[in-house]
Chemist: 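Let me give you the structure first, and then I'll get to my questions.
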Amino acid sequence: MIKLVFLGRLVDLAGGGEIDIAIAGPTPLEDLLLGLPAPLAEPLADPRVKLALNGRLVPRESLVVEAGDELAFLPPVSGG
Amino acid sequence: MIKLVFLGRLVDLAGGGEIDIAIAGPTPLEDLLLGLPAPLAEPLADPRVKLALNGRLVPRESLVVEAGDELAFLPPVSGG
Amino acid sequence: MTAHVRLLLAPFDPARETSEFTLRYPEAGGVVSFLGQVRAGGGCEALELSHYEPLTLPGMEGLAASALTRWQLDGLLIIHRAGVMLPGEPIVLVAAAARHRRDAFAAADFAMDHLKSESWFWKREKAGGQWRWIEPREEDRQDLSRWA
Amino acid sequence: MTAHVRLLLAPFDPARETSEFTLRYPEAGGVVSFLGQVRAGGGCEALELSHYEPLTLPGMEGLAASALTRWQLDGLLIIHRAGVMLPGEPIVLVAAAARHRRDAFAAADFAMDHLKSESWFWKREKAGGQWRWIEPREEDRQDLSRWA
């Protein structure tokens with residue numbers, strides 16, 4: 001299992017702030033997104049959405065998640 | 001009689017914030033200063049000291065005071 | 001030279017916070033504060049700020065640390081709300097105490113520009129009974145470029 | 001768009017003044033305030049500000065009016081003490097309420113620069129039991145030139 005966390009408008013698309021999903025071993029980000037419904041997977045693939053793995057910002061490139069990880073999807077923050 | 005008002009360090013030189021002095025009719029500023037002790041008259045003649053006649057700023061040039069007037073001597077204001 | 005940074009989930013009293021902060025710094029000549037509140041009268045019924053625990057407060061702490069190295073400050077206070085707020089409720093309070101007022105003004109201004117455009121908050125606004133997400137603004141990016 | 005300008009001869013509570021001011025402007029998004037106080041710990045035992053009744057308050061009112069025409073403000077508060085003040089006591093409070101925080105910051109900054117260098121106050125400071133007049137500073141003239 002890994003925990004996906006959604007912020008901002010992604011919460012509405014995901015139908016909630018968190019989803020637990022099962023993975024079979026280390027999983028590249030691309031494969032993870034393939035397992036999600038398209039209306040959610042597409043906005044998550046937007047490079048303006050930053051990623052935090054276990055509470056730290058990480059680059060998208062060659063990201064691999066493992067069981068027990070928390071992966072947060074952070075859309076651009078709102079303005080003033 | 002006219003009232004002279006002193007502000008800032010001029011108060012120390014004048015020995016107080018206000019002096020009433022007698023004048024005989026309309027009196028030019030230069031004549032007024034001549035009637036004061038030199039250690040006070042000199043700093044009052046400094047062009048950096050602004051003048052207010054009856055509560056309004058006035059230029060030094062050709063200033064004439066009359067009985068009943070209040071003439072204030074305003075040295076540069078203190079900084080922050 | 002101390003930072004006081006807090007992320008609150010319940011309303012706070014900006015007057016009390018500012019005066020407690022000021023009392024800590026009697027040697028400061030000046031204290032500049034900024035209070036941001038939910039605007040009343042513009043049709044906004046409520047504002048909700050969500051945050052991401054592992055990033056939001058650490059980000060605010062990093063911002064405070066960077067302001068403290070950049071200006072000569074006696075102290076810096078940053079308080080930010082998360083959760084649902086009603087019109088008139090405080091959202092953010094920044095206060096900077098410094099010997100020289102120019103430093104206090106600059107630090108508070110800097111902190112606000114960065115809080116507004118870079119800190120990890122997502123906002124939605126309720127108007128006419130409908131919640132609507134607030135998008136990033138170009139203006140905020142311009143504000144940031146003042147400090148580059 | 002209202003100015004509240006006062007010259008006080010007795011101590012005041014800046015937290016109360018700022019919060020009363022803020023409550024008047026619920027439609028303002030932000031309120032910037034500056035509080036100047038007598039510095040503690042620098043050897044200053046007391047500060048005395050003298051003013052000239054016919055000029056000082058009218059001058060402050062003119063300054064407030066000019067800030068109101070220059071920036072988009074909901075309200076502007078200027079409170080200045082005269083008389084003898086002890087370390088830690090407030091000297092001056094400026095608060096600006098505006099829809100956009102940039103206006104509030106600029107107006108408060110502008111008001112302080114002008115109050116410090118142009119308003120009709122003469123200051124003396126007591127240290128080691130001796131009163132000493134405070135002279136104009138070149139720095140203040142430079143501050144003013146920012147707004148020319």
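Letters go in sequence order (proteins before strands), and every chain restarts at 1. Computed from a predicted structure; not experimentally measured. Side chains included, hydrogens not; waters and symmetry mates left out as well; all remaining heavy atoms used.
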Chemist: Given a strict heavy-atom distance threshold of 4.5 Å, which part of Ala108(C) is in contact with chain D: side chain, backbone, both, or neither?
Modeler: both
Chemist: Do you know which of Ala28(D), Ser19(D), Pro14(D) has the most heavy-atom pairs with chain C at a distance under 4.5 angstrom?
Modeler: Ala28(D)
Chemist: Considering residues, nucleotides and ligands other than Arg70(C), do more than 12 of their heavy atoms fall under 6.0 Å from its CZ?
Modeler: yes
Chemist: Report the option among Asp13(C), Thr22(C), Leu35(C) that has the most heavy-atom pairs separated by less than 4.5 Å from atoms of chain D.
Modeler: Leu35(C)
Chemist: What distance do Arg102(D) atom CZ and Gln142(C) atom CD have between them, rounded to the nearest 0.5 Å?
Modeler: 10.5 Å
Chemist: Just checking Glu20(C): does its CD atom have more than 12 heavy atoms from other residues, nucleotides or ligands closer to it than 6.0 angstrom?
Modeler: yes
Chemist: Under a 4.5 Å heavy-atom cut-off, does chain C meet the side chain of Ala97(D), its backbone, both or neither?
Modeler: neither
Chemist: By a 4.5 Å heavy-atom criterion (distance strictly below it), what part of Val38(D) contacts chain C: side chain, backbone, both, or neither?
Modeler: backbone
Chemist: So which of Ala104(C), Ala15(C), Pro26(C) has the largest heavy-atom pair count under 4.5 angstrom toward chain D?
Modeler: Pro26(C)
Chemist: Quick check: does any side chain N or O of Gln37(C) sit under 3.5 Å from a backbone N or O of Tyr25(D), one acting as donor and the other as acceptor?
Modeler: yes
Chemist: Search all heavy atoms of Phe34(D) against all heavy atoms of Val32(C) and return the closest pair with its distance.
Modeler: CD1-CG2, 3.5 Å
Chemist: Above 12 or not: heavy atoms from other molecules or residues under 6.0 Å from CD of Glu53(D)?
Modeler: no
Chemist: Pick one of side chain, backbone, both or neither for Arg16(C), based on which atoms fall under 4.5 Å of a heavy atom in chain D.
Modeler: neither
Chemist: Can you tell me if CZ on Arg99(D) sees more than 12 non-hydrogen neighbours from other groups inside 6.0 Å?
Modeler: no
Chemist: So do the side chains of Thr18(D) and Thr18(C) get within less than 4.5 Å of each other, counting heavy atoms only?
Modeler: no
Chemist: With only heavy atoms counted, which part of Asp113(D) is less than 4.5 Å from chain C, the side chain, the backbone, both or neither?
Modeler: both
Chemist: Test your reading of the model: is there a side-chain donor-acceptor pair from Arg101(C) to the backbone of Gly36(D), 3.5 Å cut-off?
Modeler: no
